[in-house]
Participant: 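Provided herewith is a single structure, encoded as structure tokens, for subsequent inquiry.
Just so we're on the same page: letters track the sequence lines, and every chain starts at 1. Both backbone and side-chain heavy atoms feed into the values below; hydrogens, waters and symmetry mates do not.
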Protein chains: 2
Amino acid sequence: MMRLSKLTDYAVVMMVHMGQVNDLSSGDVTFTTARLSEDTGVPQPTVAKVLKGLSRAGLLRSVRGAQGGYVVERTADEVSIAEIIQALDGPIALTACVDGADDSCNVENLCGMRGNWNRVNDAIQSALGQVTLADMALTPMEFPVPDVPARAHGQSPSTSRGA
Amino acid sequence: MMRLSKLTDYAVVMMVHMGQVNDLSSGDVTFTTARLSEDTGVPQPTVAKVLKGLSRAGLLRSVRGAQGGYVVERTADEVSIAEIIQALDGPIALTACVDGADDSCNVENLCGMRGNWNRVNDAIQSALGQVTLADMALTPMEFPVPDVPARAHGQSPSTSRGA
DNA sequence: CGAAACAGTACCAGCATGGTCCTATATCTA
DNA sequence: TAGATATAGGACCATGCTGGTACTGTTTCG
Ligand code: FES
Ligand code: FES
């Protein structure tokens with residue numbers, strides 16, 4: 001559960017990879033699906049599907065025709081993994097009763113916590129939004145650690161049900 | 001994407017509900033699946049499935065036989081929604097290459113960010129772990145807001161690729 | 001002993017995922 | 001201009017998972 005789709009996983013891998021290559025060449029490299037397929041081991045048609053999605057979302061620029069391919073223009077630390085997820089899997093919506101979701105929750109009328117899922121959802125989106133591709137490229141040791149702690153779930157922080 | 005299963009959603013609803021009823025009766029009420037099905041509108045067999053899961057995970061105590069049912073023993077602010085999610089959907093594992101996951105990521109060998117998904121995953125788990133059933137029962141206004149912000153993804157915090 | 005209620009498991013339909021393929025279009029090179 | 005290269009866009013299908021159902025066993029109360 002709570003699994004993001006394989007396509008999204010691929011997408012992150014590819015974006016990181018492209019960023020790294022870009023860094024080495026210190027220029028905007030144009031990647032063909034064939035090249036990326038080779039680099040990552042993901043079958044070519046699938047690579048195409050992923051990149052199409054990313055380009056539609058504006059995370060990549062596509063260049064058609066011979067000598068064409070995909071170009072990353074934003075640097076790795078300007079792209080969050082949340083953006084990538086949303087590009088391929090649509091808006092992050094934990095439950096059916098979250099704003100972005102299309103169909104509504106079955107128990108909506110009896111459940112007194114409609115709005116609360118939104119908060120939880122936002123928190124997760126925020127956590128995902130904090131992590132950039134640059135972070136993903138780091139060795140685990142230097143990883144920034146997306147902030148979430150602050151209060152273990154036993155204690156009341158300040159905004160809790162104290163009021 | 002990023003959707004938690006309906007069963008989990010139900011589970012949270014039921015747990016919140018039971019907690020509330022418990023509060024009113026100021027005692028450990030025993031709930032039958034029939035009762036909960038009526039209260040929530042979820043079909044009885046499905047309720048049973050959900051509660052079985054919760055009881056197996058130790059979030060509920062089951063009482064068999066006539067006059068039996070399920071009893072919540074922990075108070076609402078002692079149960080995080082992360083626990084509920086894990087009870088029904090198994091460990092939270094964003095991608096295949098996260099610790100808890102069984103099968104391994106296809107691109108594992110070429111991808112230089114194995115460990116990093118774990119961090120992201122932990123962050124989410126932490127966010128989910130901060131939110132208790134008591135929080136979910138609150139009206140949205142008083143909701144604690146699980147902490148995640150702290151740094152927008154544009155700036156380098158300290159541990160970024162500065163080194 | 002019989003009714004009530006959970007436990008466990010097997011089963012099945014529907015749907016989403018993800019992988020493939022085909023056609024159209026744009027661009028470069030010869 | 002012709003042809004090769006590469007993406008765009010979509011249709012397509014197989015597989016697996018989700019969630020809902022049913023049935024049988026077991027425990028407890030009366
Ligand atoms: S869980 Fe869906 S409306 Fe409350
Ligand atoms: S994304 Fe799976 S190992 Fe890197």
Participant: Does a side-chain N or O of A:Tyr10 approach OP1 or OP2 of C:dG18 to a distance below 4.0 Å, or not?
Facilitator: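 A:Tyr10 to C:dG18 OP1/OP2: no side-chain N or O under 4.0 Å.
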
Participant: Rounded to the nearest Å, what distance is computed from the CZ atom of residue B:Arg3 to the P atom of nucleotide C:dC15?
Facilitator: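 B:Arg3 atom CZ is separated from C:dC15 atom P by 15 Å.
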
Participant: What I'd like to find out is whether the side chain of A:Gln125 reaches to under 4.5 Å of the side chain of A:Gln86, using heavy atoms alone.
Facilitator: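 Yes, their side chains come closer than 4.5 Å.
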
Participant: Any side-chain heavy atom of A:Val12 sitting closer than 4.5 Å to one from B:Trp117?
Facilitator: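 The answer is yes, as the side chains (C-beta and beyond) meet within the 4.5 Å cut-off.
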
Participant: Check whether any side-chain nitrogen or oxygen of A:Ser5 sits under 4.0 Å from OP1 or OP2 of C:dA16, and answer yes or no.
Facilitator: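 A:Ser5 to C:dA16 OP1/OP2: no side-chain N or O under 4.0 Å.
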
Participant: How do A:Gln67 and A:Arg56 order along DNA chain D: which one's closest nucleotide is nearer the 5' end?
Facilitator: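 That would be A:Gln67.
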
Participant: Do A:Thr8 and A:Asp89 get their side chains close enough for a donor-acceptor pair, meaning under 3.5 Å?
Facilitator: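 Yes, side-chain donor-acceptor contact under 3.5 Å.
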
Participant: Output the rounded distance in Å from CZ (B:Arg64) to C1' (D:dG30).
Facilitator: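 Roughly 18 Å, once rounded to whole Å.
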
Participant: Can you name the closest pair of heavy atoms from B:Thr33 and B:Ala48 and give their distance?
Facilitator: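 The pair with the smallest heavy-atom distance is CG2-CA, 3.9 Å.
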
Participant: Ignoring the backbone of A:Ala66, work out which of D:dA6, D:dT5, C:dC6 is nearest its side chain.
Facilitator: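 Comparing D:dA6, D:dT5, C:dC6 against the side chain of A:Ala66, the answer is D:dT5.
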
Participant: Under 3.5 Å between N/O atoms: give me all the protein pairs with nucleotides 20-23 of chain C, atom names plus distance.
Facilitator:
none

Participant: B:Leu133 versus B:Asp77: any side-chain heavy-atom pair under 4.5 Å?
Facilitator: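 Side chain of B:Leu133 against side chain of B:Asp77, heavy atoms only: no contact under 4.5 Å found.
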
Participant: Could you tell me whether the phosphate oxygens of C:dC6, OP1 or OP2, come under 4.0 Å of any side-chain nitrogen or oxygen in B:Thr32?
Facilitator: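 B:Thr32 to C:dC6 OP1/OP2: no side-chain N or O under 4.0 Å.
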
Participant: Whole angstrom is fine here: how far is it from CG in B:Leu36 over to P in C:dA5?
Facilitator: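 That distance rounds to 13 Å.
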
Participant: Got a sec, which residues hit side-chain contact (heavy atoms from CB on, under 4.5 Å) with B:Asn22, two or more places apart in sequence or on another chain?
Facilitator: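 B:Asp28, B:Val29, B:Val72.
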
Participant: Starting at CZ of A:Arg35 and ending at C1' of D:dT5, how long is that distance when rounded to a whole Å?
Facilitator: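 After rounding, the gap between these two atoms is 17 Å.
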
Participant: Rounded to the nearest Å, what distance is computed from the CG atom of residue A:Leu51 to the C1' atom of nucleotide D:dG9?
Facilitator: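 Between C1' of D:dG9 and CG of A:Leu51: 15 Å.
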
Participant: Would you kindly give the CG-to-P distance between A:Leu7 and D:dT15, to the nearest whole Å?
Facilitator: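 For the pair A:Leu7 CG and D:dT15 P, the rounded distance is 18 Å.
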
Participant: Using OP1 and OP2 only, check whether a side-chain N or O of B:Thr33 sits under 4.0 Å from C:dA5.
Facilitator: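 No.
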
Participant: B:Glu38 CD to C:dA5 P: how many Å, rounded?
Facilitator: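 For the pair B:Glu38 CD and C:dA5 P, the rounded distance is 12 Å.
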
Participant: Verify the cluster assignment for A:Val63 and A:Phe31: are they in a single hydrophobic cluster under the rule of side-chain heavy atoms below 4.5 Å apart?
Facilitator: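 The answer is no; the residues belong to distinct hydrophobic clusters.
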
Participant: What is the distance from CG of B:Leu4 to P of D:dT18, rounded to the nearest Å?
Facilitator: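 To the nearest whole Å, that distance equals 12 Å.
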
